[in-house]
Amino acid sequence: MSSSFVRGLKCRLCGQAYPISATNFCTEDFGPLEVDYDYEAIADSINRAKIELRPFNMWRYQEFLPLDGEPTVGRQVGGTPLIKADRLARELGVEQLWIKNDAVNFPTLSFKDRVVAVALSKARELGLTTVGCASTGNLANSVAANAAAVGLESYILVPADLERSKILGTSVYGAKVIGIKGTYDEVNRLCTQIAFKYGWGFVNINLRPFYAEGSKTFGFEMAEQLGWRAPQHVVCPMAGGSLIGKIHKAFYELHRTGLLADKPECKFYGAQATGCNPISAAVKNGWDAHRPVRRPHTIAKSLAIGDPADGYFAAKVIRETGGWAEDASDAEIAEAMALLGRTEGIFAETAGGVTVAVARKLIEQGRLPRHEEIVLCITGNGLKTQDAVADCLEEPVVIAPSLEEFSGLLTEESSTVLV
Ligand SMILES: *Cc1c(COP(=O)(O)O)cnc(C)c1O
Ligand SMILES: [Zn+2]
């Protein structure tokens, strides 16, 4: 099944067309490039029944992805659960709540495996043998693992103050990990220079148009799992601001090709940490473009991008769909991680805490209606950011191996409850 559906690349600002290559910006206006498809041809070639017969992973929507041939990297990625979150719904005071859970995405437990599978498969089609990324953590894990699995050499550049578990979870795959004394935006700038000088494929820089398309599969799955329809409200964490726009694009594409009967009327809500909130600040203040945050400071390191590449487009999607954006403090993030754990049995990373905390705020503000259907995007796994939640959990009680002491403990507990 080769994808003859790609027309080329197209500038998101001026519409100028470019042939497929490892490039990400328009030479006229420096606007970002995106993949341009022939939707009529896609509509003619697939239908729901055909998709439903395929294995439940991200490649069942292959016609909407920019590869010439079969994927060669990350062939098992995607196919994560959509969960009806009734216990969390009761806590938050809403009626219909769902969680799309990419904390269990294969192989590196975040939604980044989706974007990397596409970017690295494309890198190989383009004949590249060395790849890399600028990362806030999850992308590092994913590029390193997926590159290792097919024998690509990888260079991973991260801010030097990243969580230790995310650095170990990159080095273990044999990647060359380089800590940069600076912010993510400084790391990103350096990677742009390296990609240009050495001709390597940096997944979120010169391969970005292909990378970004992988995020759509999070939205395709969500719609199919809801019974081929879009939800009314989606709350999504934002770092570079790409995922939120791609879920929106996914619903649009499914409708355009006849896979969704009804026109999607989903409102999009962006979630950020207060310590790095360029996009939510832009939405709340009515700014057209975001203002970069120079020194991000938050426990949600995976979202700490001060100058987001797709910030403008994320704010636009939020505005145009009638959604909103909010941000949450570190304390609110940690508390929301614990809330998600004790209500739904899901241990999400700090980004998940951001999403749940922001959803709670938006519900309290009356921006998310209590009786309508809401999907929360959980994008990464809590085992990678354990320290973040440590302070708001109780230490285990330690007793002797004695039934008497255990019973004493229970009595103590019940009397505390009575007080
Ligand atoms: C990268 C990332 C995001 C946001 O992705 P963007 O597309 O850059 O906005 C959200 N959650 C987690 C866990 C991430 O690693
Ligand atoms: Zn342009």
Side-chain angles (χ1 to χ4, degrees), residues 9-18 23-34 36 100-105 108-116 119 133-143 158 162-163 166 169 184-185 188 203-205 208 211-216 218-219 235-249 268 270-273 276-280 290 298-315 317-318 325 333 337 348-356 358 376-385 388:
L9 297 174
K10 195 174 74 177
C11 173
R12 291 183 77 181
L13 295 182
C14 72
Q16 172 75 40
Y18 292 85
T23 179
N24 62 322
F25 63 90
C26 175
T27 49
E28 305 289 318
D29 54 16
F30 298 101
L33 302 183
E34 84 178 332
D36 185 23
K100 175 67 176 161
N101 187 10
D102 260 21
V104 292
N105 204 8
T108 65
L109 307 178
S110 87
F111 100 91
K112 289 298 198 300
D113 289 321
R114 298 177 186 273
V115 289
V116 168
C133 66
S135 175
T136 57
N138 286 313
L139 189 61
N141 298 168
S142 185
V143 169
V158 295
L162 201 61
E163 296 103 335
K166 283 191 174 149
Y184 172 82
D185 293 305
N188 193 284
V203 300
N204 55 339
I205 297 173
R208 192 170 179 90
Y211 157 102
E213 292 294 283
S215 289
K216 292 189 307 190
F218 189 92
V235 185
C236 183
M238 304 183 294
S242 175
L243 175 62
I244 191 168
K246 293 299 170 178
I247 299 172
H248 177 262
K249 188 179 180 193
F268 285 83
Q272 294 204 293
C276 184
N277 64 349
I279 309 175
S280 65
H290 69 267
T298 166
I299 57 170
K301 292 185 193 288
S302 60
L303 303 182
I305 297 182
D307 191 7
D310 290 300
Y312 167 79
F313 297 101
V317 158
I318 291 168
I333 294 166
M337 289 169 74
E349 72 148 84
T350 45
V354 169
T355 300
V356 172
V358 161
L376 305 183
C377 301
I378 297 301
T379 49
N381 195 296
L383 293 173
K384 299 189 194 185
T385 61

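Counting convention: from 1, in listed order, for ligands and their atoms alike. Note that the coordinates shown come from a computational prediction; the quantities given were computed from them, not determined experimentally.
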Within-cut-off N or O pair, Leu243 and ligand 1, under 3.5 Å = yes
note = Quick note on ligand 1: atoms under 4.0 Å from a heavy atom of Ser242 include exactly 6 (P), 7 (O), 9 (O)
Close side-chain approach of Lys100 and Phe218, heavy atoms under 4.5 Å = yes
inquiry  = With a 4.5 Å cut-off on side-chain heavy atoms, are Val115 and Leu139 touching?
reply    = yes
key: Side-chain heavy atoms of Ser110 within contact of Asn141, under 4.5 Å   = no
task = Indicate yes or no: at least one non-hydrogen side-chain atom of Thr136 is less than 4.5 angstrom from one of Leu303.
result = no
request  = Please report the C-alpha distance between Thr355 and Cys236 in whole Å, then the side-chain angles of each, then the deciding distance to 0.1 Å, and finally whether the side chain to side chain contact (heavy atoms under 4.5 Å, CB included) criterion is met.
outcome  = CA-CA 6 Å; Thr355 300; Cys236 183; over 6 Å; no
query = Counting heavy atoms only, which of Gly241, Pro237, Ala271, Gly380 comes nearest to atom 9 (O) of ligand 1?
reply = Gly241
remark   = Within the 4.0 Å heavy-atom cut-off, what Ile244 brings close to ligand 1 is neither
inquiry  = Heavy atoms only, cut-off 4.0 Å: how does Ser110 contact ligand 1, side chain, backbone, both, or neither?
reply    = neither
task = Identify, by atom number and element, the atoms of ligand 1 in contact range of Ala351, meaning under 4.0 Å from any of its heavy atoms.
result = 11 (N), 13 (C)
inquiry  = With rounding to 10 degrees, what does the angle Cys26:SG / the Zn ion (ligand 2) / Cys11:SG come to?
reply    = 110°
request  = Measure the distance from atom 8 (O) of ligand 1 to every protein heavy atom, then report the residue, atom name and distance (to 0.1 Å) of the closest one.
outcome  = Gly240 N, 2.8 Å
ask   = Does the side chain of Arg114 reach to within under 4.5 Å of the side chain of Asp102, using non-hydrogen atoms?
value = yes
key: Close-contact set for ligand 1 against Met238 heavy atoms, below 4.0 Å   = 9 (O)
inquiry  = Does Phe313, at its CZ atom, have more than 12 non-hydrogen atoms belonging to other residues, nucleotides or ligands within less than 6.0 Å?
reply    = yes
ask   = Hey, does Lys384 have a side-chain heavy atom less than 4.5 Å from the side chain of Asn138?
value = yes
query = Under 2.8 Å from the Zn ion (ligand 2), is there an N/O/S atom belonging to Asp29?
reply = yes
note = Residues passing the side chain to side chain contact (heavy atoms under 4.5 Å, CB included) test with Glu163, sequence neighbours excluded, are Ser165, Lys166, Lys301, Thr385
request  = Tell me which one of Phe111, Tyr211, Phe218 gets a heavy atom nearest to atom 3 (C) of ligand 1.
outcome  = Phe111
task = Could you list the atoms of ligand 1 found under 4.0 angstrom from a heavy atom of Leu303?
result = 3 (C), 10 (C), 11 (N)
message = For ligand 1 and Asn138, I'd like to know whether there is a polar contact (N/O to N/O, distance under 3.5 Å).
response = yes
query = What do we get for Lys112 next to ligand 1 when only non-hydrogen atoms under 4.0 Å count, side chain, backbone, both or neither?
reply = side chain
ask   = Is any side-chain heavy atom of Lys112 less than 4.5 Å from a side-chain heavy atom of Tyr211?
value = yes
ask   = Starting from atom 11 (N) of ligand 1, which protein heavy atom do you reach first, and at what distance in Å?
value = Thr379 OG1, 2.6 Å
